[in-house]
Visitor: 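Structure provided below as structure tokens; questions to follow.
Only heavy atoms go into these numbers, but all of them, side chains included; no hydrogens, no water, no symmetry mates. The structure presented is a predicted model; accordingly, all values stated were derived computationally and were not measured.
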Amino acid sequence: MAYIHLNEELIKRAREAARNIAVDTQKFIDVHSTVAIERTIARLYGIDGVDENGVPLPNRIVEHIKENGALEDGLTYYLVNAVLETNLSPQEIAEEVAKGNLNIVKLNKHSIEEIQKKAYELAYPMVERIKSNRRTREEMINKIGEGDKPYLYVIVATGNIYEDVVQAQSAAKQGADIIAVIRTTGQSLLDYVPYGATTEGFGGTYATQENFRIMRKALDEVSYEVGRYIRLCNYCSGLCMPEIAAMGAMERLDVMLNDALYGILFRDINMQRTIVDQFFSRVINGFAGVIINTGEDNYLTTADAVEAAHTVLASQFINEQFAKMAGIPEEQMGLGHAFEMNPDLKDGFLLELAQAQMARQIFPKAPLKYMPPTKFMTGNIFKGHIQDALFNVVSIWTHQGIQLLGMLTEAIHTPFISDRALSIENARYIFNNMKSIGDEIEFKRGGIVERRANEVLNKATMLLEEIEREGLFTTLEKGIFADIKRSRYAGKGLDGVFTKGENYINAFIPLMLGGADNE
């Protein structure tokens, strides 16, 4: 691959500042938990289903502990103690709590040593299940193969999981490598996960464990039919971020939208809640072999793509370090960026090329996720198709990892199967015809591309060092990212954050943090 000359000292400084930001923020994370994390632990211990009113049992048991004023000790302490005291399973305990027959906070307490030992013992079956899912994925890829990079990534968004299956299998047959099932509008703001298969959604389909299972089964079927492994993607962001990560790990999802800052900026979820939740969600994703996709591309929908390009790079550095803290290897870091500059801009293509090439060189092992033009799409489908073509050219030139395909009807309606077919055809044509362009054409020393990349790198480094001085929370309050200001004491979900007490246990973090080979 041809390279541009980047200032290596700036890269080193930027990465060091990002690491210090992550280490400083981790001090806050380590002493806090949230109701979503406790519900996730409940799910990992096998608690599932809903009560007679349709309220998820993980919510019921965590709320039960909270109502008894004991949440600081966490779910594990009381749930495992109840297992020891009653000889019931976690599921049976949750059902009894939901019926009002059992108060697990008031039971006779066993020693903390006994509870900790049992907590790990009860955690092993789910840890093994997730490890088995990872092995199954690897075995399928070894057996039937997979698509070339950039993986072609498309969305389905009918609202009905069974209709999504039809569209997803069709897309796989047309050439897609990753199918993302878009979530219904507003699900990220629900503080619970809906249950069962769903057939009505708005702009997408509910993320539920049963929907995950249905789509995974359908994609496995079509994988064998087309002769390559088709990856399934969903969204573990919002107020249930770690819960959805756990459900995805249980049902063998392969890719998860999982950003440390997205929910804060674009959904007004409290920054303390999101920062604490993202850590456990990433521990789960890392252990499950899931590629995370971060959401830096969204900054450029609210801020100018030329002026704000350095905030994308700064966020990539921060997301990289948060991912490392959670045990995610670089090969699973689908750091995000986007082709979002105004198409009327002079030399805009070169500026986009500079951004993509810079990201590729700075994060050489990451399967970078490249997002298509959306902000300047119009009803002119012919111009839109050309914009997508230029986006595809940059992608193959700079060796991107995951390519979310643009649709010529992006500004008109949710894509039809025919729209998706044209987008896949466009990408495959360009990727084949220009396969080796990045290995053949060298960048001019001191030219537009090189100057632009170093300008963005310099600004990103300055920004990261400013964040390092002030702290991440203060920076978010100032509106540095995406021109959006958030308060650390406002936003949705703050009341679900708590400081851990002396009896707090989460057996899954140490069991998962060592990666897939950790026993």
Side-chain angles (χ1 to χ4, degrees), residues 30 33-34 36-49 56-58 61-62 65 73-97 104 107 109-140 193 209 212-213 216 236 241-254 256 277 279-290 325-329 332 500 503-519:
D30 287 343
S33 185
T34 73
I37 288 172
E38 302 312 302
R39 296 193 303 255
T40 305
I41 294 170
R43 290 180 183 277
L44 291 170
Y45 277 128
I47 296 174
D48 195 15
L57 291 180
I61 195 166
V62 172
I65 297 169
D73 285 327
L75 172 105
T76 302
Y77 177 73
Y78 293 105
L79 176 66
V80 174
N81 182 71
V83 170
L84 291 168
E85 187 68 11
T86 66
N87 287 320
L88 297 174
S89 69
Q91 178 69 21
E92 290 167 335
I93 289 166
E95 289 171 0
E96 290 301 302
V97 166
I104 61 174
L107 290 174
K109 302 297 186 294
H110 292 244
S111 72
I112 189 67
E113 292 79 15
E114 193 177 359
I115 293 172
Q116 284 180 329
K117 182 181 177 183
K118 189 67 173 178
Y120 279 82
E121 181 186 314
L122 291 170
Y124 287 128
M126 186 58 74
V127 170
E128 288 302 316
R129 175 177 167 180
I130 294 170
K131 284 170 71 172
S132 176
N133 281 343
R134 183 170 182 151
R135 284 194 296 269
T136 297
R137 178 193 300 119
E138 291 165 355
E139 287 165 3
M140 285 186 69
V193 181
Q209 190 166 343
F212 289 177
R213 188 196 66 79
R216 178 70 272 162
C236 65
M241 184 190 291
E243 285 184 271
I244 292 176
M247 295 188 314
M250 292 179 210
E251 302 302 334
R252 192 169 33 91
L253 269 69
D254 310 282
M256 277 286 190
D277 279 347
F279 174 67
F280 191 32
S281 72
R282 290 183 174 196
V283 168
I284 296 166
N285 283 327
F287 182 70
V290 168
M325 299 289 283
I328 294 183
Q332 288 172 230
K500 296 176 183 176
N503 293 322
Y504 187 86
I505 304 165
N506 181 346
F508 292 97
I509 289 178
L511 286 174
M512 292 180 173
L513 254 186
D517 298 323
N518 186 27
E519 298 296 333

Visitor: Any chance you could measure L79, atom CG, to K118, atom NZ, to the nearest 0.5 Å?
Guide: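 Answer for the CG-NZ pair, L79 versus K118, is 11.0 Å.
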
Visitor: Of all the heavy-atom pairs spanning A249 and N133, show the shortest one and how long it is.
Guide: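 Of all heavy-atom pairs spanning A249 and N133, the closest is O-ND2, 2.8 Å.
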
Visitor: So which atom in V80 and which in L122 form the shortest heavy-atom distance, rounded to 0.1 Å?
Guide: CG2-CD1, 4.1 Å

Visitor: Atom CG in N285, atom CD1 in I328: separation rounded to 0.5 Å?
Guide: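 Here the interatomic distance stands at 6.0 Å.
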
Visitor: Can a donor-acceptor pair be found, under 3.5 Å and without considering hydrogens, that links the side chain of S281 to the backbone of A245?
Guide: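 Side chain of S281 to backbone of A245: no pair is present.
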
Visitor: Does R135 come within less than 4.0 Å of E138, counting only side-chain N to carboxylate O?
Guide: no

Visitor: Between R137 (side chain) and L253 (backbone), is there a donor-acceptor pair under 3.5 Å?
Guide: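 Checking the backbone N and O of L253 against the side chain of R137, a donor-acceptor pair under 3.5 Å is found.
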
Visitor: For residues I505 and A119, report the shortest heavy-atom separation together with the two atoms involved.
Guide: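 Scanning both residues completely, I find the closest heavy atoms to be CG2-CB, 4.3 Å.
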
Visitor: Check whether any side-chain heavy atom of T76 sits under 4.5 Å from a side-chain heavy atom of Y45, and report yes or no.
Guide: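 Yes; the side chains approach each other to less than 4.5 Å.
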
Visitor: Is there a side-chain contact between D254 and R216 (heavy atoms, below 4.5 Å)?
Guide: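 Sidechains of R216 and D254: in contact.
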
Visitor: Excluding sequence neighbours, so at least two apart, what forms side chain to side chain donor-acceptor pair (under 3.5 Å) with T86?
Guide: none

Visitor: Do the non-hydrogen side-chain atoms of R252 and F212 ever get within less than 4.5 Å of each other?
Guide: no

